[in-house]
Amino acid sequence: MTRPLELRIGVLPGDGIGPEVVPAAELVIDAALASRPDVKITWQRLAIGHEAISRYGTPMPEETLEVLDELDAWILGPHDSASYPDRWRTQLTPGGTIRKRFELFANIRPARAFPGTAAVSPKMDLIVVRENTEGFYADRNMYAGAGEFMPTPDVAMAVGVVTRRACERIAHEAFRLARTRRRRVTIAHKANVLSMTSGLFLETCLDVADRYPEVEVDHQHIDALAALLVRHADAFDVIVAENMFGDILSDLTGELAGSIGNAPSLNTSETKAMAQATHGAAPDIAGLGIANPTAVILSSAMLLRCLGARHEHSALGRTASRIEAAVETVIGQGVCTADLGGTASTAGFIDAVVAAMGS
Ligand code: ATP
């Protein structure tokens with residue numbers, strides 16, 4: 001038995017399918033840790049999105065942010081900002097606000113095809129490392145004011161920002177991660193057109209690559225990379241990308257691996273960590289009880305592994321591996337939600353994962 005560890009983890013269910021899939025994380029982690037009295041997790045439920053609009057009058061209340069300030073880790077559900085009343089639609093989304101406020105600069109998005117799923121690329125096992133704080137998403141690029149504006153009703157402009165510091169730290173994340181895997185990093189860019197912004201991203205990543213001689217590096221134009229991924233996703237190990245390219249690529253890689261409903265992600269700063277499925281609120285299937293909770297479950301396993309490393313508590317890493325193995329077993333047995341071609345409900349899938357951990 002290792003030394004006791006007490007953790008307080010936030011749970012923010014969010015919008016759309018969020019309240020159906022986010023509780024899966026809590027259920028599965030509690031079940032996985034049931035036999036470990038040395039790890040105690042207290043869950044702290046917090047409001048964002050529509051729930052927060054009705055309780056606090058805003059989708060991203062300061063009350064929620066103040067509690068997050070005190071926490072090291074939380075699980076963020078999706079936000080359906082397109083459905084918010086007009087006054088919030090032009091503002092930074094709850095997810096964007098949280099990433100910006102806590103400088104969660106690294107978004108780690110694995111895409112691995114599970115045996116038994118009809119993946120486009122059944123052998124793929126890659127990770128998209130997405131820069132999370134700047135780039136071509138203008139909404140988070142300003143200290144004050146909006147990064148998107150319209151000088152006339154017929155002209156819209158957006159400000160992209162790329163800094164050497166942000167490129168350096170995300171490149172280090174990618175190369176450190178590659179060292180623990182197949183030792184290959186691909187830099188996604190468009191420096192042939194955006195020679196200064198994307199050019200600085202490419203140049204800085206290549207400079208950082210020199211410090212990791214054991215890792216092979218190459219670079220691809222973002223459009224060519226999208227095509228190569230469809231053809232040969234299994235050839236890639238770690239892909240590092242600026243914010244918008246990384247967001248788009250990781251939806252593509254998630255779907256190539258079987259379903260975006262399987263694609264997990266972790267957002268980190270030096271001190272905080274946030275689990276968040278790659279998918280959005282999926283309003284088209286919200287409330288039907290058929291959403292795939294895999295991405296949330298696997299994101300929370302990533303969170304546990306990260307907390308285990310930060311607190312030097314190896315049991316958390318082993319618990320994360322048990323959760324991942326249980327998900328893989330259940331999907332391998334053909335217990336799948338509709339997005340994977342199965343008939344399992346969200347609740348039925350969660351029950352099967354919990355049962356697989358017990359067996
Ligand atoms: P965002 O901009 O927030 O990423 P989006 O509108 O681009 O959101 P999603 O909400 O991720 O996209 O939905 C894209 C498609 O994938 C929808 O058809 C949705 O039903 C499906 N989908 C997303 N997540 C899941 C899930 N967990 N289970 C099943 N299907 C899902």
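Just so you know, ligand 1 is whichever comes first in the structure, and atom 1 is the first atom listed for that ligand. All residue numbers refer to positions in the sequence shown, counting from 1.
Checked against side chain to side chain contact (heavy atoms under 4.5 Å, CB included), Met157 has the following partners two or more places apart in sequence or in another chain: Phe149, Pro151, Val155. By the side-chain hydrogen bond (donor to acceptor under 3.5 Å, both in side chains) test, Thr337 is found to be paired with Asp339, residues two or more places apart in sequence or in another chain being considered.
In summary, the aromatic rings of His79 and Tyr84 are positioned with their centroids too far apart to meet the 6.0 Å limit. Between Tyr212 and His172, the ring centre distance stays below 6.0 Å.
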For residues 197-207, please give each side-chain donor-acceptor pair under 3.5 Å, one per line with the distance, not counting sequence neighbours.
unit_1: Ser198; atom_1: OG; unit_2: Lys190; atom_2: N; d: 2.7
unit_1: Glu203; atom_1: OE2; unit_2: Arg164; atom_2: NH1; d: 3.1
unit_1: Thr204; atom_1: OG1; unit_2: Leu200; atom_2: O; d: 2.6

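A donor atom on one side chain and an acceptor atom on the other are found under 3.5 Å apart for Ser314 and Arg318.
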Between ligand 1 and the protein, give all atom pairs where both partners are nitrogen or oxygen and the distance is under 3.5 Å, as lines of names plus distance to 0.1 Å.
unit_1: ligand 1; atom_1: 10 (O); unit_2: Ala281; atom_2: N; d: 3.3
unit_1: ligand 1; atom_1: 10 (O); unit_2: Ala282; atom_2: N; d: 2.8
unit_1: ligand 1; atom_1: 11 (O); unit_2: Gly280; atom_2: N; d: 2.6
unit_1: ligand 1; atom_1: 18 (O); unit_2: Asp284; atom_2: OD2; d: 3.0
unit_1: ligand 1; atom_1: 20 (O); unit_2: Asp284; atom_2: OD1; d: 2.8
unit_1: ligand 1; atom_1: 20 (O); unit_2: Asp284; atom_2: OD2; d: 3.0
unit_1: ligand 1; atom_1: 27 (N); unit_2: His279; atom_2: NE2; d: 3.3
unit_1: ligand 1; atom_1: 27 (N); unit_2: Asn292; atom_2: O; d: 2.9
unit_1: ligand 1; atom_1: 28 (N); unit_2: Asn292; atom_2: N; d: 2.9

